[in-house]
Q: 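Questions regarding the structure given below will be posed in turn.
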Amino acid sequence: MRFHFHLPKAHARDMTVGSIPLQIIQFAIPLMLGNMFQMLYNTVDVWVVGQYVGKEALAAVGSTSMITNMAIFFFNGFSIGASVLIGHHFGAKNEELLHHTIETTMATAFILSALFTIVGILSVQPMLVLMKTPSDVMQSATTYLRIYFVGISGLLIYNLGSAILRAVGNTIYPLIFLAITSVLNTVLDLFFVIVLGAGIAGVAYATIISQIISALLVLLMLMNTKEVYRFTWHDIKIKWNILRDIVSIGLPAGIQSIITSLSNIFVQSYINSFGSDCMAGWGCYDKLDHFITLPMQSVSMSTTAFVSQNIGAQQEERSEKGIRFSIALSVGITMSIGAILYVFANMAIGFFTREASVIEYGVMFFRNNVFFLAANCINFILASALRGHGDSKAPMLIMISSFVLIRQCYLFIINTVFTASAALVGFGYPVGWLACLMIEVPYYFFVHKPRVKKYSPVS
């Protein structure tokens, strides 16, 4: 008997017509809620180990996010290239190219997932050594990362499948799937750690099980939909001209993300030199920072979809209006949340740990950096707009220059010329954000020339 997977109907969203603010907000809200659920995967891990395992395990989970993000962000670069291309074809109403792009995207995704699993497992030990991970944290970090990379293909395939849905304006199903699996992850975390006493290995197993289920759900959705973005196994094939276009947009974004993550590993190594309390505090700040940046990330993802569809439909003026609205929306929401959390920073950091010294470090990092996120809101939106146009090289070069070269020069100077403190090291993040703003804004408004690429039929 054949199994049929039925879901309520959810249509794609045509963002080339209708109210611009309404289109962007309606697209961004499910994205933001979905991103919150996705963030819960690692946040719950941090909370469980902080409350029930110990500060060494807390430091391990917090510090390893730099390594896991390096793999995820690189793969997400590929998904950006795919979503921009799919958005162009959807906006242009070219169903043939849309179909071939989806099949090429999924075929490549399965190959890359296997590759990332193998490379990730083999690179755990060298990366932890590079980060100067203290001996009291090394074993916990190694255990967590090796289990995490065994199941990383679930997260990667889910992210790519949801990128396909976002490109055609469907953000409802990614939200539903993340809600289900985030609740599952929380239940499994508590079961493995409290009931089975599995420690840090338990939270890793809970995470990969939940991620694999989310991947299966999004695959079933793509296979069973009646919409134009349906994925069919018998048509799966890599069209090399389409893959070339995906890579030309996605590879620069992936390179930028992985190099930035490598740079952040060096930031983490500076933080690690202040001991496990500072490491744990930085890890708690990092989770809070991820929460506060959810609106800018969600609005920037909406911007990519909005711009790519409108560029495909050759509506440049509508695209620019959407970009301006996205900047105002992102800055307004982020700064409002930042102001509230600034006041209640002790309570927010205290959610993750009961250690007074860890809370002190986390609050210090957060309050020093939070309001500089306004600059990063503009950075994110303009970079997303450029990628939506198909220009992915410029944001790559700008962000590598700012987040890597300038930030590392700053850290080198304060650690060799001056007596570095944890606060000065943590301020390396705002230094990169401000540098990026000063380069990207002039580039976008005075150098960048909008380009609308014409796509030929697939041979």
Side-chain angles (χ1 to χ4, degrees), residues 11-36 80 83-84 86-88 90-92 163 165-172 174-175 253 292-340 371-392 394-395 398-399 433 436-452:
H11 293 287
R13 178 185 296 276
D14 186 351
M15 303 178 80
T16 63
V17 295
S19 165
I20 292 174
L22 193 61
Q23 286 281 24
I24 292 174
I25 291 172
Q26 287 181 340
F27 189 93
I29 288 174
L31 268 180
M32 185 162 61
L33 294 173
N35 285 338
M36 287 180 66
I80 288 171
S83 64
V84 168
I86 291 167
H88 283 179
F90 184 76
L165 295 174
R166 288 195 304 269
V168 297
N170 186 338
T171 56
I172 298 300
L175 171 60
I292 198 173
T293 56
L294 283 176
M296 79 168 74
Q297 291 172 351
S298 303
V299 176
S300 69
M301 292 164 74
S302 302
T303 304
T304 300
F306 183 87
V307 171
S308 63
Q309 284 194 24
N310 280 280
I311 289 300
Q314 301 186 48
Q315 297 191 95
E316 177 63 31
E317 184 178 352
R318 179 178 171 85
S319 171
E320 290 301 312
K321 289 179 180 178
I323 293 165
R324 289 193 293 271
F325 175 77
S326 293
I327 290 173
L329 181 65
S330 179
V331 172
I333 296 175
T334 302
M335 290 299 94
S336 297
I337 297 174
I340 295 170
F371 292 117
F372 292 96
L373 282 171
N376 223 22
C377 290
I378 301 172
N379 295 335
F380 268 58
I381 299 301
L382 292 184
S384 297
L386 289 167
R387 294 187 186 109
H389 279 91
D391 181 0
S392 194
I398 292 169
M399 290 186 169
W433 302 337
C436 183
L437 181 72
M438 289 187 286
I439 300 171
E440 191 171 42
V441 168
Y443 174 82
Y444 185 86
F445 289 103
F446 300 109
V447 179
H448 164 67
K449 301 295 182 185
R451 300 185 296 276
V452 179

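Everything quoted here is computed from the prediction, not taken from an experiment.
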Q: Apply the test side-chain contact (heavy atoms from CB on, under 4.5 Å) to residues Thr304 and Met301: give CA-CA distance (whole Å), side-chain angles for both, the deciding distance (0.1 Å), then the verdict.
A: CA-CA 5 Å; Thr304 300; Met301 292 164 74; 5.7 Å; no
Q: Measure the shortest side-chain to side-chain distance between Gln297 and Leu294 over non-hydrogen atoms and say whether it is less than 4.5 angstrom.
A: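 When only atoms from C-beta onward are counted, Leu294 and Gln297 do touch, with a gap below 4.5 Å.
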Q: Given Leu382 and Thr303, is the side-chain contact (heavy atoms from CB on, under 4.5 Å) satisfied, shown in steps?
A: CA-CA 9 Å; Leu382 292 184; Thr303 304; over 6 Å; no
Q: Can you name the closest pair of heavy atoms from Ala163 and Ser83 and give their distance?
A: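 Looking at all heavy atoms of both residues, the closest pair is O-CB, 3.7 Å.
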Q: Determine the minimum heavy-atom distance between Ala383 and Met399, stating which atoms define it.
A: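 The answer is CB-CE, 3.4 Å.
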Q: Do Ile25 and Phe325 have side-chain heavy atoms sitting under 4.5 Å apart?
A: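 Touching, per the 4.5 Å side-chain cut-off.
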Q: Going by the side chain to side chain contact (heavy atoms under 4.5 Å, CB included) test, name the single residue among Ile337, Thr334, Val331, Asn379 that passes it with Leu373.
A: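 Filter result, single survivor: Thr334.
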Q: Do Ser308 side-chain atoms and Ala305 backbone N/O form a donor-acceptor pair below 3.5 Å?
A: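 Confirmed, Ser308 side chain pairs with Ala305 backbone.
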Q: Under the side-chain contact (heavy atoms from CB on, under 4.5 Å) rule, what do Gln315 and Met15 come out as? Steps first, then yes or no, please.
A: CA-CA 11 Å; Gln315 297 191 95; Met15 303 178 80; over 6 Å; no
Q: Main chain of Val17, side chain of Arg318: is a donor-acceptor contact present, judged purely on distance under 3.5 Å?
A: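 Yes; at least one donor-acceptor contact below 3.5 Å.
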Q: Output yes when a side-chain donor or acceptor of Ser330 lies under 3.5 Å from a complementary backbone atom of Ser326, and no otherwise.
A: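 It does not hold such a pair.
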Q: With side-chain contact (heavy atoms from CB on, under 4.5 Å) as the criterion, how do Leu329 and Ile381 come out once you've worked through the C-alpha distance, each side chain's angles and the decisive distance to 0.1 Å?
A: CA-CA 10 Å; Leu329 181 65; Ile381 299 301; over 6 Å; no
Q: What closest approach, in Å, do Ala374 and Met335 show between heavy atoms, and which atom pair accounts for it?
A: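 Nearest pair, atom of Ala374 first, then Met335: N-CE, 3.5 Å.
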Q: Under 3.5 Å, is there a donor-acceptor pair linking the side chains of Asp391 and Tyr443?
A: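 A donor-acceptor contact under 3.5 Å links the two side chains.
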Q: What pair of heavy atoms forms the shortest contact from Phe306 to Gly322, and how long is it?
A: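 Minimum heavy-atom contact is CE2-CA, 3.7 Å.
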